[in-house]
Number of protein chains: 2
Amino acid sequence: MISPASYRTHPSPFESDLRSDGKRMTPQRKKVLSLFEEIGSGIHLSAEEVHSKLTSSGEKVSLATIYRTLRLLVKMTFLNELDLSEGGNRFELLSHDHPDHHHLICIRCGRTEEFENNNVINAGKAAAKNFGFKLLESSLNVRALCPKCSNK
Amino acid sequence: MISPASYRTHPSPFESDLRSDGKRMTPQRKKVLSLFEEIGSGIHLSAEEVHSKLTSSGEKVSLATIYRTLRLLVKMTFLNELDLSEGGNRFELLSHDHPDHHHLICIRCGRTEEFENNNVINAGKAAAKNFGFKLLESSLNVRALCPKCSNK
DNA sequence: TAGCGTAATGAGAACAGTTTGCAACGAGGG
DNA sequence: CCCTCGTTGCAAACTGTTCTCATTACGCTA
Ligand SMILES: [Mn+2]
Ligand SMILES: [Mn+2]
Ligand SMILES: [Zn+2]
Ligand SMILES: [Zn+2]
């Protein structure tokens, strides 16, 4: 049997990225990223929602730390920040399978669907090229009414 | 010679649209729309900018009225509201020649360029159709670095 | 053209989302 | 186990926008 001392916890990518930058792993940071990993991709949470999900499951994290951590996770490319308008920006796990998806939003009830479209990506690339800009990111937001909200 | 009383001022589309809705034409409303018409399309102003442009040319309009008027002009489809992120929403004259253009934004200096692309419009239509949503509007924001900002 | 009802304005308070300053805390290298 | 310095919590500050309410004035009517 292996003695306890010989366990060497494999540092997660998150932890090693932090370390290599002089930053520290904290329980708060772990909890925020874990929340997103547990709920999976395709979910778009506001800072307030992240906060209440954590506190209502007994965790103690301040809202300021949520904001600081979300910013950090975006910079580290673990999360993606969305500006869907209406009630604060939202954050989602950056899925490397669907890095460049776009959003269809019901402006009445907030229902949000995702879709991918290469033409959109190419349109962004083309526009940047035409003006000599260096492309960073392009996002298409489609505002609409969902079936439920449109017939009433 | 025609007597002053016989002049019948042709009401502008703005004025007649207002009237037919029980609303009133006011000097403030006239000034805000005129500002946009004078500077032309392709210019994206924040509420604060509209306010300071008017007050610095001697007009007296409150910021609250600017916000109310901008909202009204958007609803009346004289203006278009843009959510380019960073420093408040912006407004532009809704040009009926280029109703569906998109924006390329330098995230460093704020330089903004416009472009059109039918594939983007079609992508929005297709996404709405796929999910049974009723399309309202779709906007592609391309975040990038302009030539000046990218090489320094 | 004066009078009137009511829409619109100005000024500031309120608000929502987010950031920041600072003292206390604690991760983690030595 | 200690010390250092990055991180946290809390409250105050901030930014963009909306709201409240007393006052003004547009424009219909006589
Ligand atoms: Mn998404
Ligand atoms: Mn434009
Ligand atoms: Zn809906
Ligand atoms: Zn630039």
Side-chain angles (χ1 to χ4, degrees), chain A residues 5 7-9 11-12 14-33 44-52 54-55 58-76 79 81-91 110, chain B residues 3-5 7-9 11-12 14-33 44-52 54-55 58-76 79 81-91 110:
Chain A
Y7 286 119
R8 178 120 313 166
T9 314
S12 65
F14 182 28
E15 186 156 359
S16 44
D17 284 9
L18 282 174
R19 291 269 168 78
S20 70
D21 198 25
K23 298 189 188 309
R24 296 174 185 174
M25 174 54 88
T26 65
Q28 291 89 337
R29 287 174 175 172
K30 219 173 286 191
K31 285 169 197 161
V32 172
L33 182 53
H44 313 99
L45 301 178
S46 67
E48 204 66 67
E49 285 169 346
V50 171
H51 185 236
S52 61
L54 289 180
T55 52
E59 313 289 356
K60 285 205 326 293
V61 196
S62 79
L63 184 55
T65 294
I66 300 288
Y67 274 106
R68 286 186 279 235
T69 303
L70 291 172
R71 234 196 292 139
L72 176 71
L73 288 169
V74 168
K75 202 142 292 167
M76 294 174 77
L79 296 184
E81 181 166 9
L82 308 171
D83 189 0
L84 307 181
S85 250
E86 320 293 324
N89 286 3
R90 309 191 92 80
F91 299 82
Chain B
S3 78
Y7 286 121
R8 179 120 308 162
T9 315
S12 65
F14 182 26
E15 187 155 359
S16 45
D17 284 9
L18 282 174
R19 291 269 168 77
S20 69
D21 198 25
K23 298 190 188 310
R24 298 173 184 174
M25 176 54 89
T26 66
Q28 291 88 339
R29 287 174 175 174
K30 219 172 287 193
K31 285 168 198 162
V32 172
L33 182 52
H44 313 97
L45 300 178
S46 66
E48 205 66 66
E49 286 169 345
V50 171
H51 185 236
S52 61
L54 289 181
T55 52
E59 313 289 356
K60 284 205 326 291
V61 195
S62 80
L63 184 56
T65 294
I66 300 288
Y67 274 106
R68 286 187 281 236
T69 303
L70 291 172
R71 234 195 293 140
L72 176 71
L73 288 169
V74 168
K75 202 142 291 167
M76 295 174 77
L79 295 185
E81 182 167 8
L82 308 171
D83 189 1
L84 306 182
S85 251
E86 320 293 325
N89 286 2
R90 308 190 92 80
F91 299 82

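Quick note on labels: first sequence line is chain A, next is B, and so on, each numbered from 1.
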Quiz item: Are a donor atom and an acceptor atom from the side chains of Ser52(B) and Thr55(B) found within less than 3.5 Å of each other?
Solution: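 Judged by distance alone, the side chains do not pair up.
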
Quiz item: What's the CD-P distance between Glu48(A) and dC15(C), to the nearest Å?
Solution: 16 Å

Quiz prompt | Donor-acceptor contact below 3.5 Å, side chain Ser16(B) vs main chain Ser12(B) | solution = yes

Of the options [options], whose atoms approach the side-chain atoms of [X] most closely?
| X | options | answer |
| --- | --- | --- |
| Lys23(B) | dT18(C), dA8(C), dT20(C) | dA8(C) |
| Arg24(B) | dT20(C), dA25(D), dT17(D) | dA25(D) |
| Glu15(A) | dG12(C), dG28(C), dT9(C) | dG28(C) |
| Arg68(B) | dT19(C), dG9(D), dA11(C) | dA11(C) |

What does [X] touch in the nucleic acid at a heavy-atom separation under 4.0 angstrom: a base, only the sugar-phosphate, or nothing?
| X | value |
| --- | --- |
| Arg90(B) | nothing |
| Arg29(B) | sugar-phosphate |
| Gln28(A) | sugar-phosphate |

Self-check item: Donor-acceptor pair under 3.5 Å, Arg19(A) side chain vs dG28(C) base
Solution: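 Looking at the base of dG28(C), it does not pair with any donor or acceptor on the side chain of Arg19(A) (distance under 3.5 Å).
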
Self-check item: Phosphate OP1/OP2 of dT18(C) contacted by Tyr67(A) side-chain N/O (<4.0 Å)
Solution: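 Answer is yes, contact under 4.0 Å.
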
